[in-house]
Amino acid sequence: MVLVMKVGASEEEIQKTINQIKKWGHDVSIAPGEKQVVIGIIGDKTDLLGRPLSTLPGVAKVLEVSAPYKRASREFHPEDTIIEVDGVKIGGGHKVVIAGPCSVDNVENVVYLAKVAKANGAHMLRGGAYKPRTSPYTFQGHGVEGLKMLLEAKKETGLPIVTELMSIKDIDDVYKYADVIQIGARNMQNFPLLKEIGKLDKPVILKNGICSTVKEHLMSAEYIMSEGNDKVILCLRGTRTYEPSVRNTLDVTLIPIMQKMTHLPIIVDPSHAAGKREFVSALAYAGMAAGADGLIVEMHNCPKEALSDGDQALLPRDFEYLMKKLKELKPWNQKEWWEFDKQKETDCIKVK
Ligand code: PEP
Ligand code: MN
């Protein structure tokens with residue numbers, strides 16, 4: 001349930017309303033908007049049914065949030081969420097590019113790639129120290145040693161670190177080194193892990209699962225948010241379909257669809273979707289053109305020696321090319337389209 005406050009409702013009115021709801025035994029979540037403040041009420045509200053909610057000070061209307069992903073829904077929080085990482089903003093028109101190797105292999109490569117990323121305008125460095133591999137016999141990541149290599153690259157470039165957490169047992173180590181914690185496709189529905197992440201104060205990139213629906217993705221974000229961490233960045237990395245010419249199918253229509261459903265930033269991972277270096281940049285461009293809030297893209301200086309996902313790694317020169325192209329791009333703005341659509345007077349032009 002949300003209480004939409006009147007345009008220009010005073011601080012005092014808002015506070016009085018919050019206090020009253022709290023007196024009735026409910027927690028609230030405040031979403032300060034450009035025009036109107038929205039007060040969200042979470043949990044079982046049956047006891048509120050008889051209460052005079054609509055006559056509380058400054059309240060314009062009372063709405064039920066129909067989506068099961070309450071905190072993640074746009075109904076609950078109409079304005080875009082903007083998440084800040086070390087001074088870098090993402091969401092609400094702020095776009096970011098995150099680049100780096102799939103796996104952290106050695107400190108020289110990671111530092112080099114961080115410098116390439118930085119020189120071409122990337123905002124954050126990615127790199128996996130804990131790797132979810134299909135085979136138990138392939139490289140599983142350097143663990144804490146890999147995290148230390150990322151830190152070295154951060155010291156050299158100032159780029160914040162995005163790295164994956166796979167298991168609750170590594171939470172303290174990853175928390176110590178990461179600026180943004182990545183939850184990978186395979187763990188999208190690892191609910192105990194999501195709940196633990198929800199207790200942290202660090203931003204999270206939550207990738208969609210290999211066969212997940214948008215609703216399931218948002219429900220997973222809700223797991224994190226319901227524990228108190230509302231700094232969730234959704235990442236579209238494609239799903240498995242019948243199409244064998246791509247590693248995963250990434251539908252860019254999901255960007256405006258999800259923008260309607262949620263206020264959380266949405267980024268695109270073209271690397272794990274395209275699966276081949278040759279096609280990654282086109283998909284990256286398409287994702288940004290469709291209005292994504294950013295990209296997370298894999299890059300390696302010598303892909304044939306990369307310890308994972310070498311086939312899909314951009315070369316530094318590819319990354320430079322992509323970033324130049326992105327600078328010229330005027331991305332689609334779905335919010336602008338909604339405004340345009342609102343002004344339409346008719347949906348039917350009769351000519352007969
Ligand atoms: C990765 O980012 O390297 C990764 C393993 O991604 P995903 O979880 O999307 O497969
Ligand atoms: Mn990878």
*Asks:* Hey, could you give me the CD1/OG1 distance between I233 and T81, rounded to the nearest 0.5 Å?
*Replies:* 10.5 Å
*Asks:* Is the OH atom of Y112 crowded by more than 12 outside heavy atoms at less than 6.0 Å?
*Replies:* no
*Asks:* Assess the residue pair C211 and T239 against the criterion (side chain to side chain contact (heavy atoms under 4.5 Å, CB included)); give the C-alpha distance rounded to whole Å, side-chain angles, the decisive distance to 0.1 Å, and a yes or no.
*Replies:* CA-CA 5 Å; C211 292; T239 49; 5.8 Å; no
*Asks:* For S308, enumerate each residue passing the side-chain hydrogen bond (donor to acceptor under 3.5 Å, both in side chains) test, keeping only those at least two apart in sequence or located in another chain.
*Replies:* S103
*Asks:* May I have the list of side-chain donor-acceptor pairs in residues 319-327 shorter than 3.5 Å, sequence neighbours left out?
*Replies:*
from : atom 1 : to   : atom 2 : distance (Å)
E320 : OE2    : K324 : NZ     : 3.3

*Asks:* Counting only heavy atoms not in K202, do more than 12 sit closer than 6.0 Å to its NZ atom?
*Replies:* yes
*Asks:* Hydrophobic cluster mates of M5, side-chain heavy atoms under 4.5 angstrom, ILVMFWY only, any path?
*Replies:* M1, L3, I14, I18, I21, W24, V28, I30, V37, I39, I41, L48, L53, L56, V59, V62
*Asks:* Write out all pairs satisfying salt bridge (charged side-chain N to carboxylate O under 4.0 Å, His left out) with one or both partners inside residues 284-313, taking only residues at least two apart or from two chains.
*Replies:* R126-E298, R247-D309
*Asks:* Not counting sequence neighbours, list each pair that qualifies as a ring-ring contact (aromatic ring centres under 6.0 Å, His included) and has a residue in residues 213-263.
*Replies:* H77-H263, F191-Y223
*Asks:* Taking the side chain as everything from C-beta on, heavy atoms only, tell me whether S271 gets closer than 4.5 Å to Q312.
*Replies:* yes
*Asks:* Of all heavy-atom pairs between V268 and G287, which one has the smallest distance, and what is that distance?
*Replies:* CG2-CA, 4.2 Å
*Asks:* Looking at E227, is its backbone amide N or carbonyl O close enough to the side chain of K195 to form a donor-acceptor pair, meaning the two atoms are under 3.5 Å apart?
*Replies:* no
*Asks:* Please, which pairs that meet salt bridge (charged side-chain N to carboxylate O under 4.0 Å, His left out) have at least one residue in residues 185-194, sequence neighbours excluded?
*Replies:* none
*Asks:* Would a hydrophobic clustering, with Ile, Leu, Val, Met, Phe, Trp and Tyr connected at side-chain separations under 4.5 Å, put V97 with L113?
*Replies:* yes
*Asks:* Hey, what do you get for CG (L151) to NZ (K176), rounding to the nearest 0.5 Å?
*Replies:* 9.0 Å
*Asks:* Only one of I90, I98, L295, V88 forms a side chain to side chain contact (heavy atoms under 4.5 Å, CB included) with H123, so which one is it?
*Replies:* V88
*Asks:* Could you tell me whether the side chain of N187 and the main chain of N190 form a donor-acceptor pair under 3.5 Å?
*Replies:* no
*Asks:* Within this structure, what is the NZ-OG distance for the pair K61 and S54, rounded to the nearest 0.5 Å?
*Replies:* 13.0 Å
*Asks:* Donor-acceptor check, side chain of N229 to backbone of I224, threshold 3.5 angstrom: yes or no?
*Replies:* no
*Asks:* Does D27, at its CG atom, have more than 12 non-hydrogen atoms belonging to other residues, nucleotides or ligands within less than 6.0 Å?
*Replies:* no
*Asks:* Minimum heavy-atom separation for A290 to P256, with atom names?
*Replies:* O-CD, 4.3 Å
*Asks:* Can you name the nearest heavy-atom pair linking L264 to A221, along with the distance?
*Replies:* CD1-CB, 4.1 Å
*Asks:* Is there a side chain to side chain contact (heavy atoms under 4.5 Å, CB included) between Y175 and L200? Walk through the geometry before answering.
*Replies:* CA-CA 8 Å; Y175 181 85; L200 304 180; 3.9 Å; yes
*Asks:* Hey, could you give me each pair passing salt bridge (charged side-chain N to carboxylate O under 4.0 Å, His left out) that has a residue in residues 213-226? Not counting sequence neighbours.
*Replies:* none
*Asks:* I want to check something: taking the side chain as every heavy atom from C-beta on, are M124 and D179 in contact at a cut-off of under 4.5 Å?
*Replies:* no
*Asks:* Would you say V96 and V232 are hydrophobically clustered, going by side-chain heavy atoms of ILVMFWY under 4.5 Å?
*Replies:* no
*Asks:* Look up atom CG in D318 and atom OG in S281, then write down how far apart they are to the nearest 0.5 Å.
*Replies:* 5.5 Å
*Asks:* Taking all non-hydrogen atoms of both residues into account, name the closest pair between K6 and Q36 and its distance.
*Replies:* C-CG, 4.2 Å
*Asks:* Should the pair K16-E13 be classified as a salt bridge under the 4.0 Å nitrogen-to-oxygen rule?
*Replies:* no
*Asks:* I'd like to check F76 versus M225 (side-chain heavy atoms, cut-off strictly below 4.5 Å). Are they in contact?
*Replies:* no
*Asks:* Mind checking what makes side-chain contact (heavy atoms from CB on, under 4.5 Å) contact with K276, not counting sequence neighbours?
*Replies:* F279
*Asks:* Using side-chain contact (heavy atoms from CB on, under 4.5 Å) as the criterion, list what pairs up with T253, not counting sequence neighbours.
*Replies:* D251, I257
*Asks:* Grouping I, L, V, M, F, W and Y whenever their side-chain heavy atoms are under 4.5 Å apart, do I197 and L147 come out in a common cluster?
*Replies:* yes
*Asks:* Check whether L206 and I181 end up in the same hydrophobic cluster, where Ile, Leu, Val, Met, Phe, Trp and Tyr are linked by side-chain heavy atoms less than 4.5 Å apart.
*Replies:* yes
*Asks:* Between Q189 and S212, is there a side-chain heavy-atom distance shorter than 4.5 Å?
*Replies:* no
*Asks:* Could you check N109, L125, L150 and say which one makes a side chain to side chain contact (heavy atoms under 4.5 Å, CB included) with V104?
*Replies:* L150
*Asks:* Please report the closest heavy-atom contact between L159 and A114, naming both atoms and the distance.
*Replies:* CD1-O, 3.6 Å
*Asks:* Indicate yes or no: at least one non-hydrogen side-chain atom of I183 is less than 4.5 angstrom from one of M188.
*Replies:* no
*Asks:* Could you tell me which non-hydrogen atom of G291 sits nearest to which non-hydrogen atom of I255, and how far apart they are?
*Replies:* C-CG2, 3.8 Å
*Asks:* Take H272 and K207 through the side chain to side chain contact (heavy atoms under 4.5 Å, CB included) test and state the conclusion after the steps.
*Replies:* CA-CA 11 Å; H272 294 85; K207 291 192 167 195; 3.7 Å; yes
*Asks:* Provide the full list of salt bridge (charged side-chain N to carboxylate O under 4.0 Å, His left out) pairs with a residue in residues 67-86, sequence neighbours left out, each pair given once.
*Replies:* R74-D80, D80-K335, D86-K154
*Asks:* Under the rule for side-chain contact (heavy atoms from CB on, under 4.5 Å), what residues qualify as partners of W337, not counting sequence neighbours?
*Replies:* W332, Q334, F340, D341
*Asks:* State the CG-CE distance between L315 and M299, to the nearest 0.5 angstrom.
*Replies:* 10.0 Å
*Asks:* Flag yes if more than 12 heavy atoms outside E243 fall under 6.0 Å of its CD atom; otherwise flag no.
*Replies:* yes
*Asks:* May I ask you to test the V174-Y130 pair for a side-chain heavy-atom distance under 4.5 Å?
*Replies:* yes
*Asks:* Would a distance-only check, ignoring hydrogens and angles, find a side-chain to backbone donor-acceptor pair under 3.5 Å from T17 to P57?
*Replies:* yes
*Asks:* To the closest 0.5 Å, what do you measure between CG (L234) and OG1 (T262)?
*Replies:* 5.5 Å
*Asks:* Within a radius of less than 6.0 Å around NZ of K344, do more than 12 heavy atoms belonging to other residues, nucleotides or ligands occur?
*Replies:* yes
*Asks:* If you look only at distance, which donor and acceptor atoms sit under 3.5 Å apart when one is on a side chain in residues 161-173 and the other is two or more places apart or in another chain?
*Replies:*
from : atom 1 : to   : atom 2 : distance (Å)
T163 : OG1    : G127 : O      : 2.6
S167 : OG     : K169 : N      : 3.1

*Asks:* Quick one, K95 and P331 - any side-chain contact, counting heavy atoms below 4.5 Å?
*Replies:* yes
*Asks:* Tell me whether I210 shares a hydrophobic cluster with L254, the cluster being built from Ile, Leu, Val, Met, Phe, Trp, Tyr side chains joined at under 4.5 Å.
*Replies:* no
*Asks:* Give a yes/no verdict on a cation-pi contact between K131 and F139, requiring under 6.0 Å between NZ or CZ and the six-membered ring centre and an angle within 45° of the axis.
*Replies:* no
*Asks:* Side-chain contact test, heavy atoms from C-beta onward, threshold under 4.5 Å: evaluate it for H300 versus D105 and give yes or no.
*Replies:* yes
